[in-house]
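Have a look at this one.
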Amino acid sequence: MDPQYHPKAIEPEVQREWERTRAFAAPDASPKPKYYCVSMLPYPSGKLHMGHVRNYTINDALYHYLRMKGMNVLMPMGWDAFGLPAENAAMANGVAPAKWTRENIAYMKKQCQAMGWAIDWSREIATCDPSYYRWNQWFFLRLWEKGLVYKKSGMVNWDPVDMTVLANEQVIDGRGWRTGAVVEKREIPMWYMRITQYADELLDSLDGLGWPEQVKQMQRNWIGRSYGVEFVLPYAPETAKRMADGKRGLKVFTTRADTIMGITFAAVAAEHPLATEAAKGNPALEAFIEECKRGGVQEAELATMEKKGVPTGLFVLHPVTGEKVEVWVGNYVLMAYGEGAVMAVPGHDERDFAFAKKYGLAIVPVIDVDGKPYSTDAWQPWYSDYGRNVNSGARFPELDGKDYPAAIDAVVAKLASLAVPAAKRVQYRLRDWGISRQRYWGTPIPIVQCPKCGDVGVPAGELPVVLPEDLVPDGSGSPLAKTPSFYETKCPKCGGAAKRETETMDVFVDSSWYYMRYCSPDAPTMVDERAQYWMPMDQYIGGIEHAILHLLYARFWTKAMRDMGLIRIDEPFTNLLTQGMVLNHIFSRRTNKGGIEYFAPDELEIATDAEGRITGARLMADGSAVDYEGIGTMSKSKRNGVDPQDMIDRYGADTARFYVMQANAPTDTMIWSDEGVNGAFKFLNRLWALVHEQVSAGVVAPFREGELSSELRALRLKLHRTIEKVGDDYGRRLQFNTAIAAVRELLNLQETVKDRGPAGRAVAQEVLEGSVLLLAPVVPHIATVLWRELRPGTRLLDQPWPAVDPAALVQNSIELVVQVNGKLRGHLQVPAAASREQIEAAALRHEAVARFAEGRTPKKVVVVPGRLVNVVV
RNA sequence: GCCGGGAUGGCGGAACUGGUAGACGCACGGGACUCAAAAUCCCGCGGUGGCGACACCAUGUGGGUUCGAUUCCCACUCCCGGCACCA
């Protein structure tokens with residue numbers, strides 16, 4: 001055995017052996033219980049980053065542990081290969097997105113293999129392959145048939161200079177990122193998936209999932225179910241004449257129908273049909289509507305905007321009193337929620353209050369909250385609290401005195417008696433999923449637009465609609481729309497000349513079901529029985545940034561597949577682990593021109609104060625001063641990323657893996673530390689040296705339990721306790737840092753034992769074998785080689801998880817903590833079988849108890865078995 | 001504004017169900033080995049007082065429950081994340 005640890009020599013050798021034996025190919029049937037664990041598939045941006053290393057190493061450690069525990073484990077890998085960055089890279093370098101993407105995949109796959117992750121590569125998929133995205137198209141058409149896909153006009157960001165649609169992230173401060181032109185909102189026809197049809201199920205079945213509470217709560221808020229009442233505010237006679245829309249009035253939705261007697265005006269969104277009608281011949285209103293429509297689609301800014309509005313001159317009637325109520329256009333009313341129209345009750349709604357104040361409209365309080373005095377001078381938060389109805393007026397006196405639920409029922413009944421359409425209704429914040437993207441590098445939407453037949457689906461036999469791969473976007477609209485060979489086609493229905501849809505699907509479509517395709521990557525159908533075997537996924541691992549959209553779309557997609565009979569599960573991901581981000585220090589300085597220049601930590605000499613805190617740095621090249629900016633996400637622009645390849649080259653994959661796993665819990669944010677990496681490397685060297693020392697001293701004979709010294713018995717006790725703890729940490733807690741710490745404790749203790757006799761060496765062998773097995777999930781390369789040395793002729797991958805020896809856990813005497821009044825005062829050695837009374841007696845005789853009781857008589861003695869005894873005086 | 005999570009040494013963190021606060025590691029200080037350095041090994045390392053045995057203080061702040069609180073309860077401060085005019 002080599003006395004030195006040489007990761008660069010052993011890692012490729014071990015990896016070749018894994019590849020040769022197809023060590024990580026998972027069979028699609030097995031007498032063992034299945035376990036399916038997946039990491040969110042990476043975007044092939046060029047090379048792996050530390051976030052990937054962390055993500056896949058967590059997954060990998062879990063893989064190895066559960067495999068050792070006797071399960072049939074599958075860990076696949078794929079590539080989220082469509083998307084905007086490929087188009088941007090194409091524009092920058094003039095390379096086709098397909099070529100760029102495929103080269104990145106090839107390079108990153110090599111890196112994954114160099115990291116030694118136990119991936120079943122026979123199941124690899126890339127979402128840009130026609131063999132994958134054809135099923136996006138096929139399923140899209142099935143959804144369309146079932147009414148779960150539909151087309152309607154939607155709002156997009158439009159760059160008027162490039163004449164192109166912009167993604168939200170391409171809009172910076174309301175301007176296009178390339179042109180700097182003020183972005184407009186524009187309505188164009190888009191395809192939607194009716195995710196709202198599943199809103200209730202998506203919300204209700206969250207409860208049973210083994211997901212972080214935080215993520216479940218984020219999804220609950222996103223779906224945003226609220227219970228309310230919809231009703232019609234009848235048009236006033238002259239408005240009814242003008243509208244002529246066949247409707248009786250203005251439909252509104254409210255969660256506060258109890259405040260109906262406080263209505264003093266109504267408000268509609270700028271896009272509401274009533275607003276459009278009212279704007280005819282009303283230049284002021286027309287201008288205001290235009291103003292509302294301008295600007296990006298970003299809603300966050302809207303919240304802080306001042307409430308503004310313009311009266312329409314149109315009137316509705318209060319459904320109970322019949323009084324005329326003016327309709328305004330308000331910039332705070334959202335077209336996309338409810339009916340795009342609201343009853344306004346300034347007395348009990350903060351927005352309506354602000355609006356009424358601004359335009360001098362009446363404020364009428366109709367709810368009494370615990371008798372608190374109401375004043376219209378300024379809004380108080382409790383004005384919107386629930387309470388009892390008051391001031392309900394002569395037409396509805398029976399409403400007075402009712403509380404919220406009773407008032408709602410009374411209002412619905414009253415409206416019914418007045419023949420006003422009204423009903424209780426559930427409303428969701430969730431909106432349908434717009435999947436159309438006016439981009440090139442994505443799944444083509446399989447629709448043909450025929451001048452005679454309208455939108456016609458591409459017949460299943462003609463799928464996939466293949467995306468041409470040789471196009472290079474130039475930023476001015478999608479290249480597909482400029483490629484007649486792609487869009488010129490014949491109508492599948494009538495055979496006449498027709499035009500293909502040139503839009504592509506949102507990349508979230510690709511990631512909504514890839515984890516099912518892994519199960520049967522070669523199937524001639526979307527999925528087959530193999531998906532039935534592996535799904536639902538037992539453990540999903542990925543970034544918290546996907547807490548809402550990806551995870552919600554994937555859940556929706558699964559339910560839609562279920563309802564189409566393709567899969568028999570309700571939820572795709574039984575357990576979810578959201579890993580923390582990887583951060584690093586950021587160094588920068590102002591340039592003469594007033595810009596900011598960033599520096600990579602490895603080109604700096606970092607200065608610290610007496611306590612080791614970073615105060616600043618100097619550029620190694622010229623010694624000039626650089627400022628310390630603090631800590632932030634690893635990013636290219638801030639130049640604070642650490643390249644996993646450098647780690648592999650300098651220390652080997654095992655060190656990189658060990659470092660990211662031992663630093664902290666997987667869900668915590670991790671701050672990068674070069675010293676920490678070095679510490680990890682040192683540990684692996686030490687482990688190697690310990691095994692080398694053991695192995696080079698020759699073969700050991702088995703020991704006999706009864707003949708061990710107390711020191712060796714203590715070491716075995718520690719070993720078997722560590723086996724218990726590490727298994728619990730890996731399997732139940734998914735907390736690898738404490739598992740690693742426990743093994744370090746074990747080895748620290750082992751090194752204090754100097755017994756080199758046959759018994760000492762035999763126990764050392766047991767401890768080293770155990771340690772190697774316990775660490776194998778984290779550092780499989782070094783563990784493979786060390787195992788070979790410890791147990792020649794056997795293979796690490798065939799070893800089960802070590803068993804706990806109950807005999808090793810037996811103790812003759814145990815140490816208890818002695819407390820007086822809850823304060824630690826001493827320790828006490830008692831026989832393991834000592835009774836409560838014996839422990840109490842021994843504690844009372846203890847010297848520390850006598851000293852701290854200071855003559856006072858013990859009132860009470862608390863004994864916590866196996867832990868402590870507390871004397872209360 | 002609403003919802004969720006958090007705050008423990010110089011630093012990352014541990015303490016899982018109310019039971020020895022600071023495991024394990026990093027950094028730092030001292031020593032051994034060496035011509036020297038690196039590597040390695042040994043010792044120390046929350047604060048205050050004391051030569052020392054030891055004592056007191058200490059888990060963001062203030063209170064409470066308990067024999068006993070980092071852990072539970074109440075109030076507050078700050079930090080992070082999500083949503084954000086959702087009627």
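Note on naming: letters A, B, ... go to the chains in the order of the sequence lines (proteins, then strands), and numbering restarts at 1 for each one. The figures that follow rest on heavy atoms only: side chains count, while hydrogens, waters and symmetry mates do not. These figures come from a predicted structure and were not determined experimentally.
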Which nucleotide in B:C3, B:C83, B:C85 has an atom nearest any side-chain atom of A:R429: B:C83
Results of side chain to side chain contact (heavy atoms under 4.5 Å, CB included) for A:V779 - residues two or more places apart only: A:D654, A:F658, A:L684, A:L775, A:I782
Closest to the A:D349 side chain, choosing from B:A23, B:G19, B:A87: B:A87
Syn/anti state of B:G50 by chi, 90° boundary around 0: anti
Which residue lies more 5' along RNA chain B, comparing A:A742 with A:R825 via nearest heavy atoms: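 Residue closer to the 5' terminus by nearest nucleotide: A:A742.
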Touch class at under 4.0 angstrom, heavy-atom based, for A:L868 against every strand present: base
Mutual orientation of the aromatic rings belonging to A:Y337 and A:F253 [parallel < 30°, tilted 30-60°, perpendicular > 60°]: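 Judged by the thresholds at 30° and 60°, the geometry between A:Y337 and A:F253 is perpendicular.
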A:R256: salt bridge (Lys or Arg N to Asp or Glu O under 4.0 Å) partners, not counting sequence neighbours: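 Result, salt bridge (Lys or Arg N to Asp or Glu O under 4.0 Å) vs A:R256: A:D258.
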A:L684 CG - B:G25 P separation (whole Å):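 Distance, rounded to whole Å: 13 Å.
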Side chain of A:Q214 - closest among B:G25, B:C83, B:G81: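 The listed nucleotide nearest to A:Q214's side chain is B:G81.
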Whole-Å gap separating P (B:A87) and CD1 (A:I408): 13 Å
Qualifying residues under salt bridge (Lys or Arg N to Asp or Glu O under 4.0 Å), relative to A:R351, sequence neighbours excluded: A:D349
Within residues 655-665 of chain A or reaching into it, pairs that qualify as side chain to side chain donor-acceptor pair (under 3.5 Å) - sequence neighbours excluded: A:R54-A:N664, A:D60-A:R657, A:Q662-A:R744
Separation of atom NE2 in A:H846 from atom C1' in B:U20, rounded to whole Å: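 So the two atoms are 13 Å apart, to the nearest Å.
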Sugar-phosphate only, base, or nothing, as touched by A:V743 at under 4.0 Å among non-hydrogen atoms: nothing
Pair assignment for RNA chain B - dot-bracket with | for other-strand partners, Watson-Crick or G-U under 3.5 Å: (((((((..(((......[....))).(((((.......))))).((((....))))..(((((..]....))))))))))))....
Nearest-0.5 Å distance that lies between atom CZ in A:R220 and atom CG in A:L206: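 If we round to the nearest 0.5 Å, A:R220:CZ and A:L206:CG are 5.5 Å apart.
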Sugar-phosphate, base or nothing in reach of A:F852, heavy atoms under 4.0 Å: sugar-phosphate
B/S/- contact track for nucleotides 64-75 of chain B, protein heavy atom under 4.0 Å: ---BS-------
Touch class at under 4.0 angstrom, heavy-atom based, for A:N748 against every strand present: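 Touches sugar-phosphate only.
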Integer-rounded Å distance: B:C24 P and A:K718 NZ: 8 Å
Contacts of A:K718 that satisfy salt bridge (Lys or Arg N to Asp or Glu O under 4.0 Å) - sequence neighbours left out: A:E745
Check against side-chain contact (heavy atoms from CB on, under 4.5 Å), A:V677 and A:M647: CA-CA 9 Å; A:V677 175; A:M647 290 295 115; 3.7 Å; yes
Interatomic distance, A:M218 CE vs B:G5 P [rounded to whole Å]: 13 Å
Which residues share a side chain to side chain contact (heavy atoms under 4.5 Å, CB included) with A:T312, sequence neighbours left out: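 Scan of A:T312 (side chain to side chain contact (heavy atoms under 4.5 Å, CB included), adjacent residues dropped) gives A:L274, A:A278, A:L285, A:L314, A:V327, A:V329.
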Distance test, side-chain N/O of A:R351 to OP1/OP2 of B:C86, below 4.0 Å: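 Yes, within the criterion.
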Between P of B:C11 and CG of A:L583, the distance in whole Å: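 After rounding, the gap between these two atoms is 17 Å.
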Residues that A:S384 engages under side chain to side chain contact (heavy atoms under 4.5 Å, CB included), provided they are two or more places apart: A:W379
Sugar-phosphate, base or nothing in reach of A:R225, heavy atoms under 4.0 Å: nothing
Partner set under side chain to side chain contact (heavy atoms under 4.5 Å, CB included) for A:T669, not counting sequence neighbours: A:L583
Residues that A:D200 engages under salt bridge (Lys or Arg N to Asp or Glu O under 4.0 Å), provided they are two or more places apart: A:R225
Could you list, one pair per line, each protein nitrogen or oxygen that sits under 3.5 Å from a nitrogen or oxygen of nucleotides 14-18 of chain B, together with the distance?
| residue | atom | partner | partner atom | Å |
| --- | --- | --- | --- | --- |
| B:A15 | OP1 | A:R733 | NH1 | 3.0 |
| B:A15 | OP1 | A:R733 | NH2 | 2.9 |
| B:C16 | O2 | A:R732 | NH2 | 2.4 |
| B:C16 | N4 | A:K725 | NZ | 2.7 |

